[in-house]
Amino acid sequence: MQVVVFSTKPYDRQFLDAANVGRHQLRYVEARLSPETALLAQGAEAVCAFVNDQAPAEVLEVLAGLGIRLLALRSAGFNNVDLTAARRLGIQVARVPAYSPAAVAEHTVALILGLNRRIHRAYNRVREGNFALDGLLGFDLKGRRVGIIGTGRIGVAVARIMQGFGCRVLAHDPWPSAEGLALGLDYVALGALLAQADIVTLHCPLTPQTRHLIDAAALARMKRGAMLVNTSRGALVDTRAVIEGLKSGAIGLLGLDVYEEESELFFEDLSGQVLQDDVFARLLTFPNVLITAHQGFFTTEALTAIAETTIGNLTAFAGTGRALHEVPAPG
Ligand code: NAI
């Protein structure tokens with residue numbers, strides 16, 4: 001099958017080629033999928049896209065016009081696709097439902113540990129010959145309360161690790177998972193979790209219901225000085241409200257692997273350019289904020305699994321007309 005792969009980086013190519021072993025004709029393009037680039041899919045039957053590729057109705061209409069019948073996402077999340085429009089246009093949407101929950105969970109814990117012990121600041125200080133400890137004071141994780149919002153594959157993996165540190169894990173999820181219950185997680189209402197947790201970490205998907213789940217009202221309910229971590233999707237958090245929370249001290253520590261407007265920034269080397277996003281620039285000024293550029297998924301194991309499942313989706317679609325991991329349209 002002819003497939004156009006959008007947002008290709010050298011590592012995507014390496015892992016997809018290894019998984020494909022010549023089965024499909026993969027045409028790699030570096031551009032992100034957008035209304036301006038959708039025509040690059042001309043001549044293909046399927047399009048392969050990643051987290052910051054955009055597939056609203058207007059893009060899907062162009063793809064359908066080109067005869068594209070499958071949109072194979074290399075991600076678990078699918079908030080960037082208009083599923084209703086895809087169904088109307090006869091484009092099947094497939095994804096990689098679980099590629100390595102451990103990869104994202106371990107990165108979440110890296111942010112928690114790094115922030116708590118100020119590793120980002122200590123690293124720079126030591127390199128400058130500054131061996132003072134002022135400002136690096138952390139706390140023992142043992143005995144602390146960690147609040148996990150969304151206890152699916154990744155949330156449960158985070159819970160398991162934090163239990164290993166001796167934390168008490170609170171959880172909020174409208175649909176508590178069997179694994180979460182088996183781990184003995186303390187399922188509570190969102191308000192109770194926010195009020196009690198020393199660390200709040202987000203692992204629910206981005207949907208219309210969860211957009212700005214952490215807004216000014218939610219921040220006001222959090223323990224003063226608590227840590228907030230988001231490795232799920234940027235728009236779960238109202239960034240402007242979080243900035244106010246950091247300024248007032250309501251939030252003590254903030255760890256982000258995702259950002260509301262990340263599609264304009266992440267995955268690119270912009271170090272030689274003037275940063276145009278003033279909100280992001282403000283975030284970078286806080287000493288108690290640690291940001292990574294959506295690298296939770298970036299492990300050998302996860303990239304191998306993403307590539308293998310994606311090729312599996314393409315192969316199944318080519319053979320039977322149905323991808324292995326189809327995303328159903330709403331309703
Ligand atoms: P999952 O589908 O296994 O779990 C999501 C959980 O969130 C489910 O248990 C669901 O019931 C729950 N949930 C839904 N609405 C909720 C709400 N309003 N409040 C609380 N919980 C709610 O998904 P998985 O694999 O654990 O991934 C979670 C998210 O992590 C994905 O949606 C994706 O956005 C993000 N992700 C980030 C990556 C990164 O590189 N930083 C990589 C992979 C995923």
Side-chain angles (χ1 to χ4, degrees), residues 7 9 11-12 49-53 73-81 83 95-112 147-161 169-183 185-194 197 200-215 218 221 229-237 255-260 262-263 265-267 290-307 309-310 325 327-328 330:
S7 292
K9 296 287 178 200
Y11 45 83
D12 295 308
F50 197 46
V51 287
N52 288 329
D53 289 308
L73 299 169
R74 309 197 288 286
S75 59
F78 45 84
N79 51 283
N80 48 344
V81 181
L83 296 174
R95 66 173 180 140
V96 183
Y99 40 85
S100 174
V104 187
E106 289 169 15
H107 189 69
T108 305
V109 177
L111 289 177
I112 293 173
I148 299 191
I149 301 181
T151 55
R153 284 167 283 240
I154 295 169
V156 158
V158 173
R160 206 174 278 123
I161 299 172
V169 181
L170 303 172
H172 173 71
D173 193 316
W175 302 277
S177 61
E179 293 92 330
L181 293 167
L183 281 177
L185 305 187
D186 197 354
Y187 278 95
V188 294
L190 182 60
L193 181 149
L194 294 173
V200 173
T201 179
L202 307 178
H203 302 289
C204 56
L206 176 62
T207 63
Q209 292 73 39
T210 60
R211 186 175 190 83
H212 287 186
L213 183 77
I214 303 297
D215 58 5
R221 296 165 92 172
V229 176
N230 185 9
T231 61
S232 188
R233 283 292 180 269
L236 293 175
V237 167
L256 298 179
D257 188 47
V258 287
Y259 168 62
E260 262 182 297
E262 70 176 49
S263 60
L265 302 171
F266 288 4
F267 306 132
L290 179 51
I291 305 177
T292 52
H294 208 138
Q295 68 177 80
F297 71 98
F298 203 56
T299 66
T300 304
E301 290 79 1
L303 289 188
T304 303
I306 288 172
T309 305
T310 299
H325 303 284
V327 184

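First listed ligand is number 1; within each ligand, the first listed atom is number 1.
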The test is side-chain hydrogen bond (donor to acceptor under 3.5 Å, both in side chains); show your working for T309 and H325 and say whether it passes. CA-CA 8 Å; T309 305; H325 303 284; 5.3 Å; no
Heavy-atom check, side chain of L236 versus side chain of I214, under 4.5 Å: no
Within the structure provided, determine whether L111 and T108 are in side-chain contact (heavy-atom separation under 4.5 Å). no
Which of Y11, F50, F266 passes ring pair (Phe, Tyr, Trp, His ring centres under 6.0 Å) with F298? It is Y11
What is the distance from atom OG1 of T231 to atom CG of L202, rounded to the nearest 0.5 Å? 8.0 Å
Can a donor-acceptor pair be found, under 3.5 Å and without considering hydrogens, that links the side chain of D186 to the backbone of V169? no
Just to be sure I understand the cut-off, which residues have at least one non-hydrogen atom under 4.0 angstrom from an atom of ligand 1? Y99, V104, I149, G150, T151, G152, R153, I154, H172, D173, P174, W175, H203, C204, P205, T210, T231, S232, R233, D257, H294, G296, F297
